[in-house]
Amino acid sequence: MSEKLVLIDGHSILNRAYHGLPDLTNSEGLHTNAVYGFLNIMFKILDEEKPDYLTVAFDVHAPTFRHRMFDAYKGTRKPMDEELRQQVPMIKEMLTAMGIKIVEKEGYEADDILGTLSVRAEKAGMDVAIISGDRDLLQLATDHVMVRIPKTKKTGTEIENYNTADVIEKYGVTPKEFIDVKALQGDTSDNIPGVPGIGEKTAGALIAKYHCIEAVHEDAENVKPPRASKNIVEYWEQALMSKELATIILDAPVDYEFSDAKLSGGVESLYTEEAFLLCKRYEFKNMLSRFNVEAPKNNAEEHFVVVRDLKTAESVFEKAKDREVAFAVVPGESLENSESDGQLSLFSEPVSNDYLAVSICFSEEDIYFICTGDEISSSFLDEKLNTLEVKSWISPDLKTNLHRFKSKEIKADDRGRYFDMMVAAYLINPLVGEYPYDAVAKDYLGLMLSSKKDYLGKLDFTQMMKEDEKKAVDCACYEVYTAWKSKPVLLQKLKEMNMLTLYRDIELPLVFVLYDMENEGIRADGIKLKEYGDKLAVSITELEKKIYEAAGEEFNINSPKQLGVILFEKLGLPNEKKTKTGYSTAADVLEKLAPEYPIVADILEYRQLTKLKSTYADGLSGYIASDGKIHTTLNQTITATGRLSSTEPNLQNIPIRIELGKLIRKVFLPEEGDLFVDSDYSQIELRVLAALSGDERMIEAFKNGQDIHRSTASLVFDTPFDEVTDLQRRNAKAVNFGIVYGISAFGLSNDLGISRKEAQGYIDSYFVKYPKIKEFLDQTVLDAKKNGYTKTMFGRIRPIPELNSSNFMQRQFGERVAMNSPIQGTAADIIKIAMIRVHDRLLDEGLKSRLILQVHDELLIETKEAEKDKVIKLLEKEMRGAVDMKVSMEVGTECGYDWYDAH
DNA sequence: TAAGTCACG
DNA sequence: ACGTACGTGACTTAG
């Protein structure tokens, strides 16, 4: 077999990569997308080709002779983006680190070098692959020289391959004739003028017939179309010059020995330590795994120890005593009965909640993967984690790990001995939403680790143990190692940012409260849910019929695309708004049409009912566990503002505003014999705003227990309090909302259906009456611009990078966020404090009632009948007393035997 | 997987 | 001139 040379068109591939990928930057702020994409393409090619020789050619930056000739009369080429320019030396450094031969030659383009080398290689009997994004290189294709053009697609990189036959098939001309096609057609990006009036089609057809421009010129009088016939003569000089420009030089005087480009150790020889360090610096995580063979390991990895025998396990736990211990339960099937064959496992469903192992770390050298098996049972591990006396427990994700214990009860006094890496990292930067160990290791330890996905892919720990045990072990060990090592760094950072108290007194205790709430769950009646769904189904079918009739055909009403066509094209309804992809069929658009067009009203109702059925009736039923309850997950590290979120299912968006939807709350029940007590804060955000701003008028209104929207209306519209009309109140309410959201005249006008001028009038008037609110909002934005973040009353920060955006709209958004987040965030702080106090008091006082749900300004308690009065008192007291401000916190409480009645 | 829609605070 | 209200999550369609 002949030897193989891979030639890469450096700038072309770098350019492709740069434009094909989003702007990636590492933590130093270096732009890395082009380098990353280049390496990906190169590795893909190398994996396929397994070449003996490899060379990358670059243009020297000074303009070449050929281009100067033309640039002189047609202006210069566009300058390279700064972000791309920076990456040219970076890729060269990377290639050098990999020992890859780089060729550049003053006065010659990369094309010429590639052409020259491909000819030399072919003569030496080699096969050549030329990698470029540029079709001009197709002229170099022969039977032994394949031109390969990578295309970045959604599904990954696909490569088009061209030997002589492929060029002929696709373009109808030979590779050499391709030069002549270009001479006629021209190429603006390469500054080749070509012949005016001859485009892609004509050029291809002419050369297919005549094979070269000279023949076309000679037979000019017979050339069609007439425009081409005329211009080929008139612009003959230009055509000749174009041909010269388009011709790649095949005999450039390049100093080059194949031996310099030899990959003596195969592709593996590229994975050098230097290159590894560069990949690490640029944070190319996925690429690091390629270096497995020769890569220097993190020191930690040498200390990962798999423990399978009881004696060693005991000694490890003994050694961990009284130390700071990071732990994580590795979820999966316990391996303790692994010798039994399928028979038994049929019997006992695989329990995803069981222990596969426990990973623990308590020093730089003590990192263990204690695995279930013949000697070690999951109950042994559970027992150890529950009884071991340690100085502190460190967890990468505390709540999740608490759930993985078979049994765990933690007294409020012990909470301080725990550390939650995820929650700490969230407080420091709440914008990310995800805090896996590899991200924390990068941000706070400067360690580039493979992610869980890198290690496990789509497999779970149990599967990976069978497939490749080391990967499962490394993943689990790195997680606890990161948690252990990052604790002091994160705490220091929290201290520097004045968030230690927030962490210790609010967020950390809250972890345990949320854990208990998730375990409690809320009872849901599956039968009632089914009945509710069936009832909806009947109405939906009826509406469907009516809609199809009115439309004159059946279509998918749920498809905005199809619906848009029916409404605005077939039925010719007036269309106002459009989205990127077509007509907007959003509710606010349809509502305007509904009074006049019955079909639109039906569609709106259909939407409502199908939403209720799919998301709530059908959706929720899948979440009722074997105990008859729904156990939502309350996420503590998702929102930018400090609120909680609820998933699988989301119990924070159960319908209430519309009666039909509200009925679904009748399926949410307390346990047999109990009742619900439900309290919500009244106007918590406006009260927070009043307190933060210190605006006397608004504080006074709250002190007097006035209806705040009416009071605002009275001020803004200069009307005596008792004479405020419903419309005035409604408008004032919208303004109050707008203020909390970060006011803008446009938003308000949209919401109220008034002109922007009018809306601006409301806002101006509002600020005249509440001057301190204006002052406060202005100051908040100023501070946010100065600091880069906002702060809540309890010190929670929210960074707002948008404030520095060069984009006006982004900056405007940043300002609204700056106004909103201290308000929303402080409200979130307050209810979190209330939750902890309420939860703990229920326990301390030996009550059997339990906090089970939080909906931003509302707490729901499942209450024993006998404890009802106590609970109401306790709940209201702790919610009111959670914060002490110039404005008191008021709450409203309701009781009931289902959630419908209790709210 | 993204976009559109809509449920909640 | 730009073109939006703040914060979430689930479901559906369609590429």
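Proteins get letters first, then strands, A, B, ... in listed order; numbering begins at 1 in each. Note: hydrogens, waters and symmetry copies are ignored here, and every other heavy atom, side chains too, is used. Please read all numbers here as calculations on a predicted model, not as lab measurements.
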Quick test of your reading of the model: are [X] and [Y] salt-bridged, counting only N-O distances below 4.0 Å?
X	Y	answer
A:E862	A:R523	no
A:D901	A:R665	no
A:D588	A:K592	no
A:R811	A:E802	no

From [options], pick the nucleotide closest to the side chain of [X]?
X	options	answer
A:N635	C:dC6, C:dG9, B:dG4	C:dG9
A:R657	C:dA10, B:dC8, C:dG7	B:dC8
A:S614	C:dT12, C:dT4, C:dT8	C:dT12
A:T639	C:dG7, B:dA3, B:dT5	C:dG7

Enumerate the residues from [range] whose closest heavy atom to DNA chain C is under 4.0 Å, giving them by residue number; use none for an empty result.
range	result
residues 554-569 of chain A	A:N556, A:N558, A:S559, A:K561, A:Q562
residues 593-610 of chain A	none
residues 824-837 of chain A	A:Q824

Rounded to the nearest 0.5 Å, the CG atom of A:N731 sits from the CG atom of A:L752 at a distance of 5.0 Å
Is [X] touching bases, backbone alone, or none of the nucleic acid, heavy atoms closer than 4.0 Å?
X	answer
A:I656	sugar-phosphate
A:G742	nothing
A:R798	sugar-phosphate
A:S645	sugar-phosphate
A:A734	base

Which base sits across from C:dC2 as a Watson-Crick or G-U pair, both distances under 3.5 Å?
none
May I ask you to evaluate whether A:R816 reaches the phosphate of C:dC6, defined as a side-chain N or O under 4.0 Å from OP1 or OP2?
yes
So, does A:T647 get its side chain near the phosphate of C:dT8, meaning an N or O under 4.0 Å from OP1 or OP2?
no
Would A:K666 pass as a cation-pi partner of A:Y900, given that its NZ or CZ must be under 6.0 Å from the six-membered ring centre and within 45 degrees of the axis?
yes
Would you find more than 12 non-hydrogen atoms of other residues, nucleotides or ligands less than 6.0 Å from A:K452 atom NZ?
no
Where does the angle between the aromatic ring planes of A:F717 and A:Y762 fall among parallel (under 30°), tilted (30 to 60°) and perpendicular (over 60°)?
perpendicular
